[in-house]
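The figures here come from the full heavy-atom set of this structure, side chains too, leaving out hydrogens, waters and symmetry mates. In what follows, chains are A, B, ... by sequence order, proteins preceding strands, each numbered from 1.
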There are 2 protein chains.
Amino acid sequence: MSGPGVAVAVTMTARRRLKSEDRRRQILDAAVSAFARHGFAGTTTRELARASGVSQAMIFRFFPDKAGLYRAIIDRYIARAADPFPAASTRGGDDRRILERAAADMIGNVEEDPTFLRLLLFSALEGHELSRLFLEARVLAVTRALARYLGGRMRRGALRSVPPIVAARAFIGMAGNYALMNVLYGPAMPGRLPRRRVARLFTSLFLNGITAAEAAAPRVRRPAIGAPGLDRRMASP
Amino acid sequence: MSGPGVAVAVTMTARRRLKSEDRRRQILDAAVSAFARHGFAGTTTRELARASGVSQAMIFRFFPDKAGLYRAIIDRYIARAADPFPAASTRGGDDRRILERAAADMIGNVEEDPTFLRLLLFSALEGHELSRLFLEARVLAVTRALARYLGGRMRRGALRSVPPIVAARAFIGMAGNYALMNVLYGPAMPGRLPRRRVARLFTSLFLNGITAAEAAAPRVRRPAIGAPGLDRRMASP
DNA sequence: TTCAATAAACTGAGCGCTCACTTATGAGCG
DNA sequence: CGCTCATAAGTGAGCGCTCAGTTTATTGAA
């Protein structure tokens, strides 16, 4: 871990003093990984210090307290967010390519580095005050952008007219939930395929489903009393 | 906190003795709520004791340790799981009704009581050993059941032939992610509609998308270099 | 080039407090 | 009675956090 340090070990202590800014970044990096793995409550400042290779005291030199460090992490993520969907013109209309790419990116990014997703979930579950900002800057930005795009395509008559935000949530839900489950349960999760293939399938399902056409299956609208089916056992004890 | 206890405070202790089993259940109930709200690491045994109205020591009379209590909770949830999709015959084929109901139930159950979903997420994120069982008994059971149903319908030619598990994950993803986001962010989440309506919309999208038909939009398959679109900014820092 | 003086990075020891968990000793019902 | 239910009062360990003091890098007069 620490180079070719062997027997001597006296002058070669190899303990590097970093400039304040570098050290701060190092601690922040280590904290990102720790908080993503164990959450806020499950991470100790001692552990953070050990992971950064410094003493506990350094943590509190750079950050007011543990919560302040967490806040700094979220700030950093928010600051790096950019328009995730830079005005993909709603006229060209190669919907398939755009959606496939969006789905593949979502799945791919989460697969390559689940850190952000885990931080997002932990912050929401643990009720951190910045959780909402986190959501706004990243998740909602994507949702709204996609909704805007879909809405534009609907207005042009290319897609069925449904509430665009809900449609966007449906598509993002497919890809997002797929990625989420893979992150949470890894290989134990059945139905994992190469991400491009999944993206293609989700896109195909979604586009087939939402593309304007007289196809729409006959609207059976029976009262549906006592029907068998996926029962209510999904969430209640 | 302890009633009208004033000077005397001797005979009127009002401390009820419960039978062991009742007390155990009471503690378990309180623990479910606490763990669902704050996770395992974020919940203290003092807090559990206070919520159950007993002393801390009682917790350890009924459960070997904090982890054992958590285990008991998960065991209970797993024990209550049943076949969520009791062989909905794949021949009748009122797909719309069955799926709508499934989606509405998923959304409704989570909405009415987010406890289970939060426990599930916390246990997965915190890496609890029983997390996998939890998943198996509840989430995968539903996924597999739906996949089985869809697979049956595909074999009958009623639906397009795609990997059934992935199709199931797509549908569950729509409803599940919708419910998840609503739980995590509540009213801040845009695009919330009455659950029946959302269920109807998701089902319609999905069925339109997956129903066997020659509809399938023309397969544009350009290389897609440098295309604008939802970019990769979804998950990486 | 040398080297004390200064500034900055850094740490070990330990503070007060809370954690999960234990023990001694009742209180109340059969 | 006797036996179970219950608690008050602990225990050592570990928490977030602080601070006196040490170690290193940088400076600038000689």
Going by salt bridge (Lys or Arg N to Asp or Glu O under 4.0 Å), name the pairs with one or both residues in residues 123-132 of chain B, residues two or more places apart or in two chains. B:R71-B:E129

Which residues satisfy the side chain to side chain donor-acceptor pair (under 3.5 Å) test with A:Q26, sequence neighbours excluded? A:R23

Check residues 34-41 of chain B and write down every donor-acceptor pair under 3.5 Å in which the side-chain atom is one partner and the other belongs to a residue at least two apart or another chain.
residue: B:R37; atom: NH2; partner: B:S33; partner atom: OG; Å: 3.2
residue: B:H38; atom: ND1; partner: B:E47; partner atom: OE2; Å: 3.1

Integer-rounded Å distance: C:dT11 P and A:L48 CG: 15 Å

Ignoring backbone atoms, test whether A:R23 places a side-chain nitrogen or oxygen under 4.0 Å from the OP1 or OP2 oxygen of C:dC10. yes

Could you check if a side-chain atom of B:V139 sits within less than 4.5 angstrom of a side-chain atom of B:T143, using non-hydrogen atoms only? yes

According to the side-chain hydrogen bond (donor to acceptor under 3.5 Å, both in side chains) rule, which pairs have a member within residues 171-186 of chain A, sequence neighbours left out? A:N182-B:R169

Taken to the nearest whole Å, CG/A:L69 to P/D:dC15 is 16 Å

Residue set satisfying side chain to side chain donor-acceptor pair (under 3.5 Å) with B:D29, at least two apart, ordered chain then number -> B:R76

For the residue pair A:F116 and A:V110, establish whether any side-chain heavy-atom pair is separated by less than 4.5 Å. no

Nucleotide C:dA9, atom P - distance to CZ of A:R24 in whole Å: 13 Å

Whole-Å distance, A:K19 NZ to D:dT24 P, equals 18 Å

Would you kindly give the CZ-to-C1' distance between A:F62 and D:dT18, to the nearest whole Å? 16 Å

Looking at residues at least two apart in the chain, or sitting in another chain, which of them share a side chain to side chain donor-acceptor pair (under 3.5 Å) with B:D22? B:R25

Tell me whether the side-chain N/O atoms of A:R61 come closer than 4.0 Å to OP1 or OP2 in C:dA9. yes

Determine, for nucleotides 16-23 of chain C in 5'-to-3' order, which nucleotides have protein heavy atoms under 4.0 Å from the base (write B), from only the sugar-phosphate (write S), or from neither (write -). ---BBBBB

Base, sugar-phosphate, or nothing: which does B:I59 touch, judged by heavy atoms less than 4.0 Å apart? nothing

Quick note, side-chain hydrogen bond (donor to acceptor under 3.5 Å, both in side chains) partners involving residues 51-69 of chain B, not counting sequence neighbours, are B:T45-B:Q56

Mind running a 4.0 Å heavy-atom check of residues 26-38 of chain A against DNA chain C and sending the residues that fall below it, in number order? none

